[in-house]
A.B. asks: 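This structure is in structure tokens; I'll ask about it shortly.
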Amino acid sequence: MSDLDKKKFKGAVDATEVEIPADLPDTEEIEGSDRKVFGWKALLILVICVGMAAYHLYTAGFGLIVGTRQHLFIHLILGLVLVYLIFPRKKGLSQQTIVWYDFLLAGVALVVGLFVMYSQTSPAILSGRMDMIHMIAGVIMILLIIEATRRVVGKPLLIIALCFIAYYFFGNLLPPPFSHSRANFDTFIYEMMYTSTGILGTPLSVSANYVFIFVMFGAILEATGAGKMFIDLALRMVGHYRGGPAKAAVVGSGFMGSISGSSVANAVTTGTFTIPLMKKVGFKPQVAGGIEVASSSSGQLLPPVMGAAAFLMIEYTPYSYAQIMVSALIPAVLTYIAILWMVHIESVKNDIRGLDKSTLVPAKRSLLQQGYLIIPILALVYFVLVGNTVFNAAFFSIVMLLTVAVFAHRLRERFGAGLLIAAVLAGISYLMHVLLGWHIEISIMIAIGIFVCIFFVLFQKRYKIESAPVKFGVRELVVSFEMSARKSLTVVTACATAGILIGVINLTGLSGKLPTIIVGFAGDNLLLALFFTFIACLIVGLGLPTTATYVILAAMVAPALIEMNVPIMAAHLFVLYYGVLADDTPPVNLPAYAISGIAKADPIITGVQGFKYDTGALLLPFIFATNTIILLLPENAGLYAWYEIVWAIFTALIGILVFVTVIQRYLFTNYRWYEWIIALTSSLVFIHASVYTDLLGIGLFVLLIVINKMRKKRQDQQADPGQVVTA
């Protein structure tokens, strides 16, 4: 987090009197870099970051200026250069400068990367052969990518990548069916660096074409202070209920996480406000941190933006992003309900109250101050749903976001001058449409943004509400561009390395063998295959970002589920959900390390609590994999009546609520062993899609409510014999 961001946080404290920690953690430090540079070196990094962001913004709106592979190389080269300038060889060095060998590595990445990029169209490469210089350059690039991944993502992905490379070269030593005899050094380098089979494959393409522009959208929105608005609205909605600040953390993090695309950035942004409040009303530091971790990480499941892995689904499935959003919506909402229910039970167990409603910022004030920031999010959803390309939708939404962010204050301060400048800008954009063929949507977004600003300014003056605390100008734009590039580095390096993994899987034929192996091992038992996949997700995802976990499992495991007649969307969402859960698995849990500094709690214990609060919906993927009604798949259109869809959602919800009580071992009072067994049985039977099992599960839950409620009454009567207890 930059100094500018910290000032924004500290200047945005409202009537709730949130104590903002003096030592807010830096997002870039949490994600692997504690190097702090100043002067011309800092300016160099800033220029490269802004250039990278500007390039991606232009290509999202106006198309590529180079070939497809050259575009991917520009994305990769800029990412590698920034990694070696920003990330030291290991954490804890606290460097105040960029050491000479990192300058050297950044220079090598630039020079060799450009050579390989221009070599893509050389006659030798196009004919399927390499000269010695091409091979050497390819080897250097692979080594640079692997080292950059180690610095940014960590050792787990490095180890997995080395294991896959070893499998390629020594797979002939393994017994069938894992053995292969396709190892060839020349082929490996050629396929990895000069074709779309390896590093230039689907993962890097998704990073360059989809992920970066949405990371930029989230970074600009964050720079406007939207996180504070979301938290204020969430506090107003639920802050006065039991455990209100924790529930507000869940709701606010859901809002922010649905468009940020980064669980770490989301955790730091919202946790700065919510964690002190949670501790203030009685939550333990590690519990407060764990709730924020679970809430922030699950934002990767929530439309409209979701996380980087969701964009990979566009390439790995035949569905549009709009359909992925629709299918993910109900499971994502159920996931957040599970976290809210978990928080509620925790609050009841420990008698944690909410905040005084009179101390909370009125919703009208928050909406009139910064409600205009919601309009670009709605525009994003609209453009995706009507069929625009994903990157065009993001670009148009960014145009509107920048318009409202800039003119909301300008019109309030100097209405006449601001309106004149806005009109000129709208006129220029329309002229560019007429003369140069710019998208007409650019002019429309600017015009709508200006109208929205006028509307809000007039209402602010009418109700005497001051402008939002954060002004947006050139400095904030530069900061958001810089943060866009910094936040993208994890995805860039992870996707490049994931390309190596996918390349090995395809070159060795492992992609065709694994589904058969898994299906044979599961014995055609779908639940057993789902369970094996669940375990694989947790193991593979231990220490990996969700993106890398999804890429590996989407290529190796999801085809096995599809072969067992699980619909494609359900199979890939199954992998995605447990990939997100694995991202919260200690000991490698980046959001937990981010939050622990604010919560003043041990990061490992905070990670364990985050994992606990994320497991409320642990069985949900099993439910939608065996009963796809709640995914609203296009192939199911017309097959189910509305009441069947409602019933499927209702029973999934009941199953989740019961399973949360299993984890908490509490409903109205602490469970006894037989109550816990009834609750577990009730939650498990909902996995099977049948009216009879649904009724059995509901019946067991009703029985559990009656038994536990009666025992709670007896406990209250014994505690106070003269008290009359009513249900």
Side-chain angles (χ1 to χ4, degrees), residues 56 59-60 63-64 67-73 75-76 79 191-192 195-215 261 300-301 303-328 384 387-395 488 490-507 510-512 514-515 537 540 544-562 566-577 579-580 631 633-635:
H56 283 85
T59 56
L64 300 181
T68 302
R69 289 192 189 176
Q70 284 74 20
H71 170 62
L72 297 185
F73 260 104
H75 178 72
L76 177 61
E191 294 291 339
M192 291 300 143
T195 74
S196 57
T197 301
I199 292 169
L200 301 180
T202 298
L204 190 64
S205 175
V206 168
S207 174
N209 295 325
Y210 302 135
V211 176
F212 193 99
I213 193 68
F214 278 93
V215 170
Q300 297 176 83
L301 307 172
V305 173
M306 304 172 68
F311 298 110
L312 285 162
M313 287 184 65
I314 302 173
E315 302 296 332
Y316 285 111
T317 69
Y319 299 103
S320 67
Y321 189 66
Q323 183 57 53
I324 292 172
M325 284 171 49
V326 170
S327 294
V384 171
N388 283 84
T389 60
V390 177
F391 39 86
N392 273 163
F395 175 78
S488 73
T490 300
V491 179
V492 174
T493 52
C495 285
T497 303
I500 297 176
L501 309 183
I502 298 302
V504 170
I505 291 172
N506 292 329
L507 290 175
L510 190 61
S511 57
L514 273 178
C537 288
V540 173
L544 297 185
T546 307
T547 307
T549 303
Y550 173 77
V551 167
I552 296 171
L553 296 173
M556 298 175 62
V557 180
L561 300 181
I562 296 170
V566 175
I568 296 174
M569 178 74 80
H572 283 265
L573 280 178
F574 188 94
V575 169
L576 175 62
Y577 265 67
V580 171
L631 297 183
L633 299 178
E635 54 263 39

A.B. asks: Taking the side chain as every heavy atom from C-beta outward, state whether V390 and F214 have any pair of such atoms under 4.5 Å apart.
C.D. replies: yes

A.B. asks: Quick one: are Y316 and V551 in side-chain contact, heavy atoms under 4.5 Å?
C.D. replies: yes

A.B. asks: Identify the heavy atoms of E315 and T202 that sit nearest to each other, and give their distance.
C.D. replies: CB-CG2, 3.2 Å

A.B. asks: Under the side chain to side chain contact (heavy atoms under 4.5 Å, CB included) rule, collect the residues that match up with P559, sequence neighbours excluded.
C.D. replies: P515

A.B. asks: Out of curiosity, I213 CD1 to F391 CZ, how far, rounded to the nearest 0.5 Å?
C.D. replies: 10.5 Å

A.B. asks: Y321 side chain to P304 main-chain N or O, any donor-acceptor pair under 3.5 Å?
C.D. replies: yes

A.B. asks: From R69 CZ over to L76 CG, what is the distance, rounded to the nearest 0.5 angstrom?
C.D. replies: 14.0 Å

A.B. asks: What pair of heavy atoms forms the shortest contact from L200 to L72, and how long is it?
C.D. replies: O-CD1, 3.5 Å

A.B. asks: Would you indicate whether the side-chain heavy atoms of P634 and Y319 approach each other to under 4.5 Å?
C.D. replies: yes

A.B. asks: With sequence neighbours left out, what residues match V557 under side chain to side chain contact (heavy atoms under 4.5 Å, CB included)?
C.D. replies: I518, T533, L553

A.B. asks: Is there side-chain contact between V504 and M192, with at least one heavy-atom pair below 4.5 Å?
C.D. replies: yes

A.B. asks: For residues A554 and V575, report the shortest heavy-atom separation together with the two atoms involved.
C.D. replies: N-CG1, 4.3 Å

A.B. asks: Taking the side chain from T493 and the backbone from T490, do they hold a donor-acceptor pair closer than 3.5 Å?
C.D. replies: yes

A.B. asks: Would you say the side chain of Q70 lies within less than 4.5 Å of the side chain of L64, judging by non-hydrogen atoms?
C.D. replies: no

A.B. asks: Is any side-chain heavy atom of L573 less than 4.5 Å from a side-chain heavy atom of L631?
C.D. replies: yes

A.B. asks: Does any non-hydrogen side-chain atom of L561 lie less than 4.5 Å from one of H572?
C.D. replies: no

A.B. asks: For S327 and M569, work out which heavy atoms get closest and say how close.
C.D. replies: OG-CE, 3.6 Å

A.B. asks: To the nearest 0.5 angstrom, please state how far the CD1 atom of I314 sits from the OG1 atom of T389.
C.D. replies: 10.0 Å

A.B. asks: I need the minimum non-hydrogen distance between L576 and M313, along with the two atoms involved.
C.D. replies: CD2-SD, 4.0 Å

A.B. asks: Report the distance from atom OG1 of T197 to atom CD1 of I505, rounding to the nearest 0.5 Å.
C.D. replies: 12.5 Å

A.B. asks: My understanding is that only one of V211, L312, T497, I500 makes a side-chain contact (heavy atoms from CB on, under 4.5 Å) with P203; could you say which?
C.D. replies: L312

A.B. asks: Can you tell me how far the CZ atom of F311 sits from the OG atom of S207, to the nearest 0.5 Å?
C.D. replies: 11.0 Å

A.B. asks: With sequence neighbours excluded, tell me which residues meet side-chain hydrogen bond (donor to acceptor under 3.5 Å, both in side chains) with S320.
C.D. replies: none

A.B. asks: Is there a donor-acceptor pair under 3.5 Å between the side chain of T59 and the backbone N or O of H56?
C.D. replies: yes

A.B. asks: Is a donor from one side chain sitting under 3.5 angstrom from an acceptor on the other, for Y550 and Q300?
C.D. replies: no

A.B. asks: Give me the atom names and distance for the closest heavy-atom approach of V384 to A393.
C.D. replies: CG2-CB, 3.8 Å

A.B. asks: Atom SG in C495, atom CG in L501: separation rounded to 0.5 Å?
C.D. replies: 11.0 Å

